[in-house]
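Data block below; observations after.
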Amino acid sequence: MLFNSIDFLVFFCGVAAIYPFLYRRPKPRNAVLLVASYVFYGWWDPRFLALLALSTVIDFTIAQLLDATKDERRRLYLVTTSIVLNLSILGYFKYANFFLDSTVRVLDHFGVQADFATLNIILPLGISFYTFQTLSYTLDVYRHRLAPTTSLLDFALYVSFFPQMVAGPIERANSLLPQISLPVTYKSTDFSVAIWLILFGYFKKVFVADNLGASIDPIFASHAQFTLADSLLAVVAFSVQIYGDFSGYSDIARGVARLLGFHLMVNFRCPYFACSPSEFWQRWHISLSTWLRDYLYIPLGGNRGSDLFTARNLMLTMLLGGLWHGASIKFVVWGALHGTLLILERRGVVFKWAGTLVMILIGWLIFRAPSLTVAYSMLVDTEWNWTGHTTRLALKIVFYASPLLAMDLWMERNGDLLVATKLTWWCQTLLYSAFVAAIVILGFDGASEFIYFQF
């Protein structure tokens, strides 16, 4: 079920119709939200509801066992079991075909003919997100940073909470679980903040991201038919598209959750104003970057050691971050690029804003291109040729990206992502009306999936 679909509108109206009778009573409220979340997730493929339930039961049970024993060897065994089971499930569904195909190519390189059957495994939506979410819970319980919940209902809702489960933010249990276990309390500003987040999120997705995506998909699909100028503009357009698409999803998720009385973490902070690679990751997909920092980089040793030791930890962290995005060598290379940039920054290389942006754009080319071969071909193409198609593409980028850039610049200068909610009522009316008009009149025709659903 897509946020940008009639199905979701009908679904959420149904939830909202009964919610006022439940929100002050945690148990019935959570039961209804859990059913709603399973309906929301099962809308794509109900077969994967069993997998979601299995992951929930595994980590709930292991957390209870962790809390019940003080034997450190037993606790280590339990948390290792959680890690192995979670990553095995994720690895099978996400990476089995990748490693099988890679093995065939390696054997073929050495002249060994291998005829392995393709598994054709369907990737469950959101599995990367909810796996990291459940895994962080057991790790926090193991580290004595969190007391496990005794309510399977509360934990199941924490894992499957429908606004954020498919594409994040990746919530931490110490933030979301207390909200789930207590009655909802609304603040006077919650409704206005929720409306702003939802409206701005739909604007980013339907007006900005989807329109730009439709303009550049042919270039990446048939790059040989286009010029270097087209390719460069396509990369710029994709950088705006993926930002609008992913941050749009996060905004809608946060807004819908806020209407239900829950506060989700900020996942984006105007990332293209970053002046260094590390600052970019403090602004982009914050829930993932902080997860990798807390559960991989720091346990590996972080920067507590020699420069070589720190460089190793940075590279391993970003390689895993790249592989988390997809089972393809291009995502590994994308992660390696960002790992290299972070290492260079720690060695004293100064990127500033322009240098950081150029490196990010090169990374997006690798990320978006169908393969590394295509990315390289687009990058080294020497046929500039500014054509009529190039001009039209440039105008589209200006038309669709400028409003988003202006909004980000306004929020960045004010240091407030919710600055629009502090406008006078008539200014808000004008701004929101412009957004609605852009979505309804100029928005992309059709409900397209969010990019991060494939991860």
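- A donor-acceptor contact under 3.5 angstrom links the side chains of S287 and N267, judged on distance only.
- Within the structure, salt bridge (Lys or Arg N to Asp or Glu O under 4.0 Å) contacts touching residues 165-194 (residues at least two apart or in different chains) are R172-D294, D190-R258.
- Residues H389 and D230 are in side-chain contact: their nearest non-hydrogen atoms beyond the backbone lie under 4.5 Å apart.
- Side-chain contact of D154 with N30: a donor-acceptor pair under 3.5 Å is present, judged by distance alone.
- When side chains are defined from C-beta on, K352 does not count as touching C275, because their heavy atoms never get closer than 4.5 Å.
- Without hydrogens or angle criteria, H325 side chain to G321 main chain gives a donor-acceptor distance under 3.5 Å.
- The cationic group of R283 does not satisfy the cation-pi geometry with F268, failing either the under 6.0 Å distance to the six-membered ring centre or the 45° limit from the ring axis.
- A cation-pi arrangement is present between K204 and F200, with the terminal nitrogen or guanidinium carbon under 6.0 Å from the aromatic centre and inside a 45° cone about the axis.
- Using the six-membered ring where Trp is involved, F60 and F155 have ring planes that are tilted, between 30° and 60° apart.
- Between T340 and L344 there is a side-chain heavy-atom pair separated by less than 4.5 Å.
- Between F8 and F12, the two ring planes are parallel [angle under 30°; tilted spans 30° to 60°].
- Sorted by first and then second residue, the salt bridge (Lys or Arg N to Asp or Glu O under 4.0 Å) pairs with a member in residues 35-53 read D45-R47; sequence neighbours excluded.
- Contact record, P370 with F220: CG-O, 3.5 Å, taken as the closest heavy-atom pair.
- W364 and S239 get closest at one heavy-atom pair: CD1-CB, 3.5 Å.
- Side chain of Y158 to main chain of P178: no donor-acceptor pair is present (N/O by atom type, distance under 3.5 Å, no hydrogens or angles).
- Residues S151 and T149 bring no donor and acceptor atom of their side chains to less than 3.5 Å of each other.
- Side chain to side chain, Y295 and D140 meet the donor-acceptor criterion of an N or O pair below 3.5 Å.
- Defined by atom type and a distance below 3.5 Å, a donor-acceptor pair is missing between the side-chain atoms of N303 and Y297.
- For the 3.5 Å distance criterion, the side chains of H223 and S231 fail to qualify, holding no donor opposite an acceptor.
- The closest side-chain donor-acceptor pair between K94 and S128 falls under 3.5 angstrom.
- Using a 3.5 Å distance cut-off with no hydrogens or angles, the side chains of T134 and N86 do pair a donor with an acceptor.
- For the residue pair T390/T387, the side-chain donor-acceptor check at 3.5 Å is satisfied.
- Closest heavy-atom contact between I298 and R304: O-NH2, 3.3 Å.
- Considering F3, F11, Y38, Y41 as possible partners of F162, the one that fulfils the ring pair (Phe, Tyr, Trp, His ring centres under 6.0 Å) test is F11.
- Nearest heavy-atom pair across I89 and I58 is CD1-CD1, 4.4 Å.
- Residue pairs satisfying the salt bridge (Lys or Arg N to Asp or Glu O under 4.0 Å) criterion with at least one member in residues 238-248, sequence neighbours excluded, are listed as follows: K205-D245.
- Side-chain contact of W384 with T227: a donor-acceptor pair under 3.5 Å is absent, judged by distance alone.
- Residues W324 and H285 place their aromatic rings such that the two centres sit under 6.0 Å apart.
- Taking the six-membered ring for Trp and thresholds of 30 and 60 degrees, W291 and F132 have nearly parallel ring planes, at less than 30 degrees apart.
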